[in-house]
Number of protein chains: 2
Amino acid sequence: MTLSGDGEETPGLHAEPAGFAMERAGGVALWRQIAERLKADIRAGVWAQGSRLPAESALAERFGVNRHTLRRAVAELAAEGLLAARQGRGTFVESVPISYPIASRTRFSEIIGRQARSPGGRLISSSRETASPWLVEKLRLRPGESVHRLETLRVADGVPISLSTSWFSAERFPDLVSRYAETGSVTMALAAHGLEDYTRQRTDISARLAEPEEARWLKLAPGAPVLVNDIVNVDGEGVPIQVSHSRFAAERIQLTVES
Amino acid sequence: MTLSGDGEETPGLHAEPAGFAMERAGGVALWRQIAERLKADIRAGVWAQGSRLPAESALAERFGVNRHTLRRAVAELAAEGLLAARQGRGTFVESVPISYPIASRTRFSEIIGRQARSPGGRLISSSRETASPWLVEKLRLRPGESVHRLETLRVADGVPISLSTSWFSAERFPDLVSRYAETGSVTMALAAHGLEDYTRQRTDISARLAEPEEARWLKLAPGAPVLVNDIVNVDGEGVPIQVSHSRFAAERIQLTVES
DNA sequence: GATTATTTGTCCGTATGTATA
DNA sequence: ATATACATACGGACAAATAAT
């Protein structure tokens, strides 16, 4: 978690007063805690892509653990594709978690495309159901109106990124499901119904631990954190057209808000 | 966390196929995972305060674990004061964790603004140190320049909300720490150095598990998720003046971005 | 090429925590 | 409460690959 570089040792919070011993805390293994801290450092830019990490022995001393324990943490991140250890040379940052900018015009395919990864989404399931009072308010529907509900999994380079549940007015977008199934794109499915453009109205962000079913779809270890994104998209007149609830694999993503 | 109303049951996702077996994985003990899920359920209102939980054997079967393992999870929540097990009577919800939906009504900039400009929280510690290469780049300093580092804790109604680490150029803002100590405000401390206004340049949001030290300050169970905010503030000319790294207790907070 | 220091990889054993029966 | 199996964490020793001298 140390945000500072590796040059000097920073006292106080976050910096490990050399030899400070972490504890195996409350059912969370030490190696898991260390893996999380290393991952956070990589995400925060402490070590850039391609750069070399301090030697295992140095890191182990910094975290106050045995080298084997540190190696277990590195092995975990290596399995996730974040690090690569090479005998005799060192351990290197292989890839940095994708950054997902939140702006008024957020489009998954564009974001992933920009970062030179192949986007992909797949429809897990869909259903047509009567809008709950909650949805009636959010989408400004008439009580009793029905909605399409889509469960989708978004993937980049074969790695699951997010699991989403989306709702659309079934009256306004009757063929949304089939159009989405054909194109794999919400933008194109909406365009087929004459909607030229839409924008993000608001985004609520929270975090929690993944549920087992979510962990399975996102290929996460049970107990891994997910970033939860509740969004509302509106058309040109400001009328809500999409309500969506996405769970991102926190270890593979970072949300960015530019002001 | 299902965003749909409570009327219908959602097939597939989120529903627990009875007898579904959780696995011990990723260095997080089974009992810890179950404790987190029970806590989330209590927070979500599945069981109200004072109500009785299903019998241990029933819960154990639902989670697909041995009764001892479930008892270990219940013991954890009992130690936290959430549950109380009474022999012969059952296990009862003692108290429900408070949730601060700061976000549902507050603008993202205001939340973070409050956090950065008028901490209202307390200064845990401060230090002066040589800027790491990482900070040199972020704050556009000269190598070897020194920075102020402030650790602050924000509290609402006596409940810890966030833990922040901030860095400022010590050359440009020599008296920042004492001014901050006097006023309790970053804005006023900066104004004392002639800085009229500053704006948020970017915010990176990620999530991970709380570290032991963070869990202690935020009064979280080890293994609970934190929302991590990495921010950069700039002056009128776009020169970075503050880099800050905040950890929010995810179970008590939600961030909102309005577009 | 040979030597040496550094770094990761693998093996041994021991103690403790976790999970089931 | 006991027994068993596996995961976690530590400590030490040595092998293998790499880079610099």
Side-chain angles (χ1 to χ4, degrees), chain A residues 6-7 16 18-39 41-42 47 50-94 209 212 215 220-224, chain B residues 18-38 55-80 85 87 209-213 215 221-224:
Chain A
D6 48 2
E16 237 52 41
F20 176 95
M22 290 184 66
E23 309 154 18
R24 178 210 243 128
V28 183
L30 255 176
W31 66 262
R32 161 62 61 193
Q33 299 177 45
I34 291 170
E36 294 292 335
R37 300 185 55 176
L38 288 175
K39 196 184 300 178
D41 281 349
I42 292 168
W47 301 297
S51 65
R52 213 202 76 172
L53 262 60
E56 286 175 352
S57 54
L59 284 175
E61 192 187 4
R62 178 187 301 182
F63 288 123
V65 299
N66 190 279
R67 187 166 79 98
H68 297 305
T69 308
L70 184 112
R71 280 177 59 75
R72 180 68 183 85
V74 168
E76 176 70 18
L77 298 185
E80 290 176 22
L82 281 175
L83 295 178
R86 282 182 268 272
Q87 192 173 152
R89 301 193 50 203
T91 304
F92 298 82
V93 178
E94 205 66 7
L209 302 184
L220 289 172
Chain B
F20 174 90
M22 294 183 64
E23 306 159 17
R24 180 203 199 171
V28 182
L30 255 177
W31 65 263
R32 162 61 59 195
Q33 297 179 45
I34 290 168
E36 288 298 325
R37 297 192 56 185
L38 286 174
E56 282 176 357
S57 56
L59 283 176
E61 192 186 3
R62 178 191 301 183
F63 289 122
V65 299
N66 191 279
R67 187 167 148 269
H68 297 306
T69 308
L70 185 109
R71 281 175 60 77
R72 179 72 181 84
V74 169
E76 175 70 17
L77 297 184
E80 290 177 25
Q87 196 171 127
L209 303 183
E211 294 164 17
E213 180 104 21

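Everything numeric here is computed off the predicted structure, so don't read it as measured data.
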Report task. Please step through side chain to side chain contact (heavy atoms under 4.5 Å, CB included) for the pair A:H68 and A:R72, ending with a clear verdict. Result -> CA-CA 6 Å; A:H68 297 305; A:R72 180 68 183 85; over 6 Å; no
Requested in this report: Kindly indicate, with the supporting measurements, whether the criterion side chain to side chain contact (heavy atoms under 4.5 Å, CB included) is fulfilled by A:V93 and A:L83.
Outcome: CA-CA 5 Å; A:V93 178; A:L83 295 178; 4.1 Å; yes
Requested in this report: Kindly determine whether A:L77 and A:K39 satisfy side chain to side chain contact (heavy atoms under 4.5 Å, CB included), including the steps that lead there.
Outcome: CA-CA 8 Å; A:L77 298 185; A:K39 196 184 300 178; 3.6 Å; yes
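Atom pair A:R52:CZ and C:dT7:C1' shows a separation of 7 Å (rounding to whole Å applied). For the pair A:E56 CD and D:dC10 C1', the interatomic distance rounds to 15 Å; values are reported in whole Å. Going from atom CD1 of A:I34 over to atom P of D:dC10 covers 8 Å, rounded to whole Å. At whole-Å resolution of the value, CG in B:L70 and P in C:dT20 are 10 Å apart. Atom CZ of A:F92 and atom P of C:dT7 are 11 Å apart (whole Å). The nearest whole Å value for the distance from the CG atom in B:L30 to the C1' atom in D:dC6 is 13 Å. Straight-line distance from the CZ atom of A:R32 to the P atom of D:dT8: 10 Å, rounded to whole Å. For B:E61 and C:dT20, the CD to C1' distance is 16 Å, given to the nearest whole Å.
Side-chain contact between A:V74 and A:I34 is absent, with no heavy atoms from C-beta onward closer than 4.5 Å. When side chains are defined from C-beta on, A:W47 counts as touching A:L38, because their heavy atoms get closer than 4.5 Å.
The side chain of A:A29 has D:dA9 as its nearest neighbour among C:dT8, D:dA9, D:dC10.
Residue A:R71 is classed as a base contact, given a heavy-atom separation below 4.0 Å to a base.
Dashed line: the shortest gap from a side-chain N or O of A:T91 to OP1 or OP2 of C:dT8 is under 4.0 Å. Within the 4.0 Å cut-off from OP1 or OP2 of D:dC10, at least one side-chain nitrogen or oxygen of A:T69 is found.
When atom types are taken as modelled, the side chain of A:Q33 and the backbone of A:V28 share a donor-acceptor pair closer than 3.5 angstrom.
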Requested in this report: Could you encode protein contacts along nucleotides 12-21 of chain D as a string, one character per nucleotide from 5' to 3', using B for base contact, S for sugar-phosphate-only contact and - for no contact, with a heavy-atom cut-off of under 4.0 Å?
Outcome: BB--BBSS--
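The distance from atom CG of B:L209 to atom CZ of A:R37, rounded to the nearest 0.5 Å, is 12.5 Å.
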